[in-house]
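For reference, the structure is listed below as structure tokens.
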Number of protein chains: 2
Amino acid sequence: MKESELKKFTRYIGEKGLKSTSQRYDIVKAFLKSKGHLSVEDLHHKVQKFNPKIGYATVYRTLKLLTDSGIAVERYFDDGQTRYEHLSPEEHHDHLICVKCGNIIEFEEKKIEALQDDVARDHGFKVLSHKLELYGYCNSCNSINTPGD
Amino acid sequence: MKESELKKFTRYIGEKGLKSTSQRYDIVKAFLKSKGHLSVEDLHHKVQKFNPKIGYATVYRTLKLLTDSGIAVERYFDDGQTRYEHLSPEEHHDHLICVKCGNIIEFEEKKIEALQDDVARDHGFKVLSHKLELYGYCNSCNSINTPGD
DNA sequence: GTCAGTGCAAACCTTTTGCACAGGT
DNA sequence: ACCTGTGCAAAAGGTTTGCACTGAC
């Protein structure tokens with residue numbers, strides 16, 4: 001029995017005795033509607049359409065709630081901004097990142113995940129989440145690149 | 001034929017027509033002597049012992065050179081500081097990170113790397129480097145943790 | 001009515017940059 | 001002598017925090 005992410009948030013708010021405010025719901029809904037790797041800036045911008053008075057601080061604070069409630073995960077790429085993406089254990093994906101054009105391709109590989117679990121077990125580690133990023137040249141950038149050097 | 005990392009730096013400096021200054025060598029040597037994931041703060045502190053006048057700016061600038069010359073790689077964990085570690089393709093390692101105590105365990109798994117190459121190939125991607133981090137509870141934190149949530 | 005949540009601005013921290021001086025070439 | 005590199009301090013991002021006001025309970 002799978003509950004929607006919005007329900008999950010509502011439940012989290014309830015369990016923690018937090019208040020359900022319109023700002024929080026605007027932000028959560030904007031987040032859930034989006035996909036990919038949202039920066040705080042992105043999300044703040046989207047939320048402005050619902051409620052132009054919402055400030056960065058509230059977005060930051062709500063994003064923390066989303067992270068704590070297991071709906072979102074923080075990601076650190078190399079652009080100096082923390083980005084947030086949906087956490088859905090069943091459809092976890094990893095990233096191929098082109099260092100030339102910055103394009104990010106998502107992929108999924110069950111066999112790698114299985115091996116990860118093996119490694120973790122060997123170290124007595126209980127894995128909650130993981131992050132796998134491959135950096136290199138994507139197909140198009142690779143063909144431009146001269147192989148000799 | 002494998003050259004030392006210091007030689008590699010010297011060569012890089014020469015090729016680019018950059019100047020070899022004592023500050024640069026102090027920083028590079030301090031970096032090469034260290035292991036693990038150095039923050040700029042860490043490295044600055046270490047370098048102070050050789051030359052107390054070296055400032056943060058020079059450390060940052062030299063670390064960029066180290067990155068460009070393929071001696072160091074930047075890493076982004078979740079503490080808001082960029083960390084640098086040695087790049088040695090032959091002895092690449094990945095990380096198990098305890099979300100409770102912050103302990104970082106390094107590991108290496110050739111089979112995972114092989115699968116990564118397969119995935120990359122499927123996408124026409126030429127991989128230069130990668131980053132694999134497993135987040136969870138380490139052995140000691142796990143035993144403290146009550147399994148029944 | 002109380003107390004957590006919000007919005008704003010200031011504070012903070014890491015990283016970058018401008019500029020005058022130092023030092024490698 | 002030239003011109004890059006350095007050190008300092010200021011600036012520039014991104015993120016957090018203090019505080020008075022708002023609004024959920």
Side-chain angles (χ1 to χ4, degrees), chain A residues 9-31 37-69 72-85, chain B residues 9-31 37-69 72-85:
Chain A
F9 181 71
T10 305
R11 187 165 56 81
Y12 180 81
I13 289 290
E15 281 171 359
K16 292 273 178 180
L18 304 172
K19 291 178 181 170
S20 59
T21 66
S22 65
Q23 289 93 329
R24 281 179 178 165
Y25 277 92
D26 285 343
I27 294 169
V28 173
K29 277 185 275 185
F31 174 78
H37 320 96
L38 280 242
S39 67
V40 176
E41 199 181 351
D42 293 338
L43 189 55
H44 179 253
H45 184 244
K46 279 172 195 278
V47 168
Q48 293 285 307
K49 290 170 191 154
F50 295 91
N51 180 348
K53 298 211 65 192
I54 291 182
Y56 273 92
T58 303
V59 177
Y60 273 104
R61 289 188 274 228
T62 305
L63 240 9
K64 283 235 144 38
L65 293 181
L66 280 171
T67 305
D68 291 345
S69 61
V73 272
E74 297 185 333
R75 296 225 159 242
Y76 311 90
F77 298 113
D78 57 0
D79 63 350
Q81 288 195 194
T82 303
R83 293 175 174 278
Y84 292 81
E85 73 177 24
Chain B
F9 183 71
T10 305
R11 187 164 56 81
Y12 179 81
I13 289 290
E15 280 172 1
K16 291 274 179 180
L18 303 173
K19 291 177 180 170
S20 60
T21 67
S22 66
Q23 289 93 329
R24 281 179 178 163
Y25 277 92
D26 285 343
I27 294 169
V28 172
K29 278 187 273 185
F31 175 78
H37 320 96
L38 281 240
S39 66
V40 175
E41 199 182 349
D42 293 339
L43 189 54
H44 179 253
H45 184 245
K46 280 172 194 277
V47 168
Q48 294 284 308
K49 289 169 193 155
F50 294 91
N51 178 348
K53 298 211 64 192
I54 290 183
Y56 273 91
T58 303
V59 177
Y60 274 103
R61 290 187 274 228
T62 305
L63 240 10
K64 284 236 144 38
L65 293 181
L66 280 171
T67 305
D68 290 346
S69 60
V73 271
E74 299 186 333
R75 296 228 158 241
Y76 311 89
F77 298 112
D78 57 358
D79 64 349
Q81 289 194 193
T82 303
R83 294 176 174 277
Y84 292 81
E85 74 177 24

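Chain naming here is simple, since letters A, B, ... match the order of the sequence lines and numbering starts at 1 in each.
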Response to the item:
Closest to the 5' end of DNA chain D, once A:Ala57 and A:Glu41 are matched to their nearest nucleotides, is A:Glu41
Just how far, in rounded Å, is [atom2] of [N] from [atom1] of [X]?
X: B:Asn51; N: C:dG23; atom1: CG; atom2: P; value: 11 Å
X: A:Asp79; N: C:dT16; atom1: CG; atom2: P; value: 13 Å
X: B:Leu63; N: D:dG5; atom1: CG; atom2: P; value: 16 Å
X: A:Leu18; N: C:dC3; atom1: CG; atom2: P; value: 16 Å
X: A:His44; N: C:dC8; atom1: NE2; atom2: P; value: 8 Å

Item to complete: Classify the nucleic acid contact of B:Ser39 as base, sugar-phosphate or nothing, counting any heavy atom under 4.0 Å across all strands shown.
Response: nothing
Worksheet item: When we call it a touch if two heavy atoms are under 4.0 Å apart, what does B:Lys64 touch: a base, just sugar-phosphate, or nothing?
Response: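 Sugar-phosphate only.
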Fill in: Lys/Arg-Asp/Glu bridge criterion (N-O < 4.0 Å) met for B:Asp42, B:Arg83
yes
Response to the item:
Note: for B:Gln23 and B:Tyr60 on DNA chain C, the residue whose nearest nucleotide lies more 5' is B:Tyr60
Worksheet item: Starting at the 5' end of DNA chain C and moving along, which residue's nearest nucleotide shows up first, B:Val40 or A:Ser22?
Response: A:Ser22
Worksheet item: Taking only N and O in the side chain of B:Arg61, is any of them less than 4.0 Å away from OP1 or OP2 of D:dG7?
Response: no
Worksheet item: Looking only at side-chain N and O atoms, does A:Thr21 come under 4.0 Å of OP1 or OP2 in C:dG5?
Response: no
Discussion item. Just verifying a value: how many Å separate A:Asp26 CG and A:Thr21 OG1, rounded to the nearest 0.5 Å?
Written reply: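 Between atom CG of A:Asp26 and atom OG1 of A:Thr21 there are 8.5 Å.
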